[in-house]
Amino acid sequence: MDNSEQESNQKKPQEPMEDAKKLRNRFGVYNTMSKKKELFKTKVDGKVGMYVCGVTAYDFSHLGHARAAIAFDLLYRYLQHLGYEVTYVRNFTDVDDKIIRRANETGEDPLSLSDRYCKEYNVDMADLQCLSPTHEPRVSEHMEDIKDMITQIIEKDFGYVVDGDVFFAVDKFPNYGNLSGQRQENNRAGERVAVDSRKRNPSDFALWKAAKPGEPSWDSPWGRGRPGWHIECSAMSARYLSFSFDIHGGGLDLIFPHHENEIAQSCAACEESNVSYWMHNGHVTNNNEKMSKSLGNFFTIRQITERYHPLALRYFLINAHYRSPLNYSVVQLEGASESVFYIYQTLKDCEDALSQLQEECIKDGKQPQTPPDAKVCIKNLQKEFQDKMSDDLNTSLILTGAFLDALKLVNNLLTMLKKKQQKQKRLSSIQSLIEVEKEVKKVLDILGMLPPYSYAEVLQQLKDKALIRAGLTEDDVLRIMNERVEVRKNKDFLRSDQIRAELQQKGIALMDIGTETTWRPCIPVQQEPEVVAVGEPKAPAESAE
């Protein structure tokens, strides 16, 4: 799906659950600059400018990229829910050493290779139900903005030219290190180039790199070349949001040196440069080791969504606080998949029932009162959701607690409505079902968990993924179910139990309902669900590249 298709499928979040102004006055975010949670206040009333560092496009995106994208997609959605007009900018780095190296390996043009992976990234984002940003600028399309900013930095004596290269003089910027707490001499750690003896200070970093044979390059006042890594984001954020805006986001590994260098060069170019809130998502680990391409221990988004539904992956990623480290776990993905199946099976059952039951309300002509238990359920769901989201987007276990209580009430109401009830009580039960379902869908919509297609399609897709993990086809399962019917007819209940257990080991649960048997995905029995302890986020560490 391309950008235009994705945008056409997007819709604005539901109306706020309570007055937007009251919710805004409660919303707090953690600011990396101040090292504390702060009440969110915008520079311009009712409007938010947000810049998030995107990917360096030279390969398929991995789980770390998915986490960053979903974290800021949640922020984007919630700010819209609060009634803000949000300008969301997320860049693509399409000019970089890594891209050039990969292009040399494959024999492709670097910009063509990067363009291909930018498009693949947007396909992954659409699968994960991330809304398209307002702008998605690329480095290659903003060379004039970059060169203009470098010129400003040089004119203000913060930059110097050496043999066609331009460096930023860190000594000239006394506030260097305020964001990260790092010292200047550590600036080399994490940079993408080797130490250069031509620098006045080892901490100085490249703003412009002189052209090398076989690399893409552009004309500039200092000779042909290409931008350094850090200058691109300063130039593009200023281009789309001005030098003063509300939120700058990215992964924890970008705090130093990337964001520290951004602050230095932006302030050097414009004294009024200011970002109100610096926000950073935690990294993803694999066996408690940072997941990254350089370490070779990463999984691409595609590798995961081949076996697990994208909604299950989104559920897994939002089920922890965005600033907390998150350990990749097949067990947790299995649990997420089962939880998502339960959510949409409940909503499908509710939708199916209401398509018939609502006619009873229309015929009666009276608006029944919502019973007290449903009102309490809705109030609890609203309060828990609002409290968590207002507390720095604390989505840890957000689809448990009051949300699960609401789903349980839906299932209880569906069971009750299958029985004979007094007319008024029956109408009240229908009204409860309508109201509770409405609140459940609001929560899912704001979290990006409400699919653009039918619940039946989601459930079938979840079953298809479960079959892939089990190494079975639908026909295989039906054949095994028929075998079990035969052994039950012969009263061989031991074999019947064995068949059920064998399927459960593969993540297939048989459900005996009356005389019929159906199946649904489940957590393979040998994999017990892990309890994820999510507390206050830990100290910053490296995140996925």
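Numbers here simply count residues along the sequence, with the first being 1. This one's a predicted model, so the numbers in the text were calculated from it and none came from an experiment.
- A salt bridge does not link Lys375 with Glu435: none of the charged nitrogens is closer than 4.0 Å to a carboxylate oxygen.
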Legend entry - Criterion side-chain contact (heavy atoms from CB on, under 4.5 Å) on Glu262 and His248, from CA distance to verdict: CA-CA 10 Å; Glu262 271 193 67; His248 195 311; 2.8 Å; yes
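- Side-chain contact annotation: Glu334 with Tyr308, donor-acceptor N/O pair under 3.5 Å present.
- Between Asp59 and Lys98 there is no salt bridge, since no side-chain N of the basic residue sits under 4.0 Å from a carboxylate O of the acidic one.
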For residues 397-411, which side-chain donor-acceptor pairs fall under 3.5 Å, sequence neighbours excluded?
from	atom 1	to	atom 2	distance (Å)
Thr400	OG1	Leu397	O	2.5
Asn411	ND2	Tyr342	OH	3.2
Asn411	ND2	Thr346	OG1	3.3
Asn411	ND2	Leu407	O	3.3

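- Relative to the ring axis of Tyr30, Arg323 places its NZ or CZ within 45° and under 6.0 Å from the centre.
- Listed by chain and residue number, His135, His142 satisfy the ring pair (Phe, Tyr, Trp, His ring centres under 6.0 Å) test with Tyr240 (two or more places apart in sequence, or in another chain).
- Under 4.0 Å is where a charged nitrogen must lie from a carboxylate oxygen, and between Lys37 and Asp391 at least one such pair does.
- Ion pair Asp246/Lys47 not flagged as a salt bridge, since none of the NZ, NE, NH1 or NH2 atoms sits closer than 4.0 Å to an Asp/Glu carboxylate oxygen.
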Inset, instruction - Run the numbers on Ile434 and Leu357 for side-chain contact (heavy atoms from CB on, under 4.5 Å), then give the verdict. - result: CA-CA 10 Å; Ile434 293 169; Leu357 294 170; over 6 Å; no
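- Salt bridge Lys506/Asp476: absent, no basic N to carboxylate O contact under 4.0 Å.
- In this structure, a donor-acceptor pair under 3.5 Å is absent between the side chains of Asp349 and Tyr455.
- Using a 4.0 Å cut-off between charged nitrogen and carboxylate oxygen, Lys442 and Glu439 count as a salt-bridge pair.
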Inset, instruction - With side-chain contact (heavy atoms from CB on, under 4.5 Å) as the test, would you mind laying out the steps for Tyr51 and Val275 before giving the verdict? - result: CA-CA 10 Å; Tyr51 185 94; Val275 173; over 6 Å; no
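- Lys35 NZ: more than 12 foreign heavy atoms inside a 6.0 Å radius.
- Side-chain contact annotation: Lys43 with Ser276, donor-acceptor N/O pair under 3.5 Å present.
- Using a 4.0 Å cut-off between a side-chain N of Lys or Arg and a carboxylate O of Asp or Glu, Asp73 and Arg77 qualify as a salt bridge.
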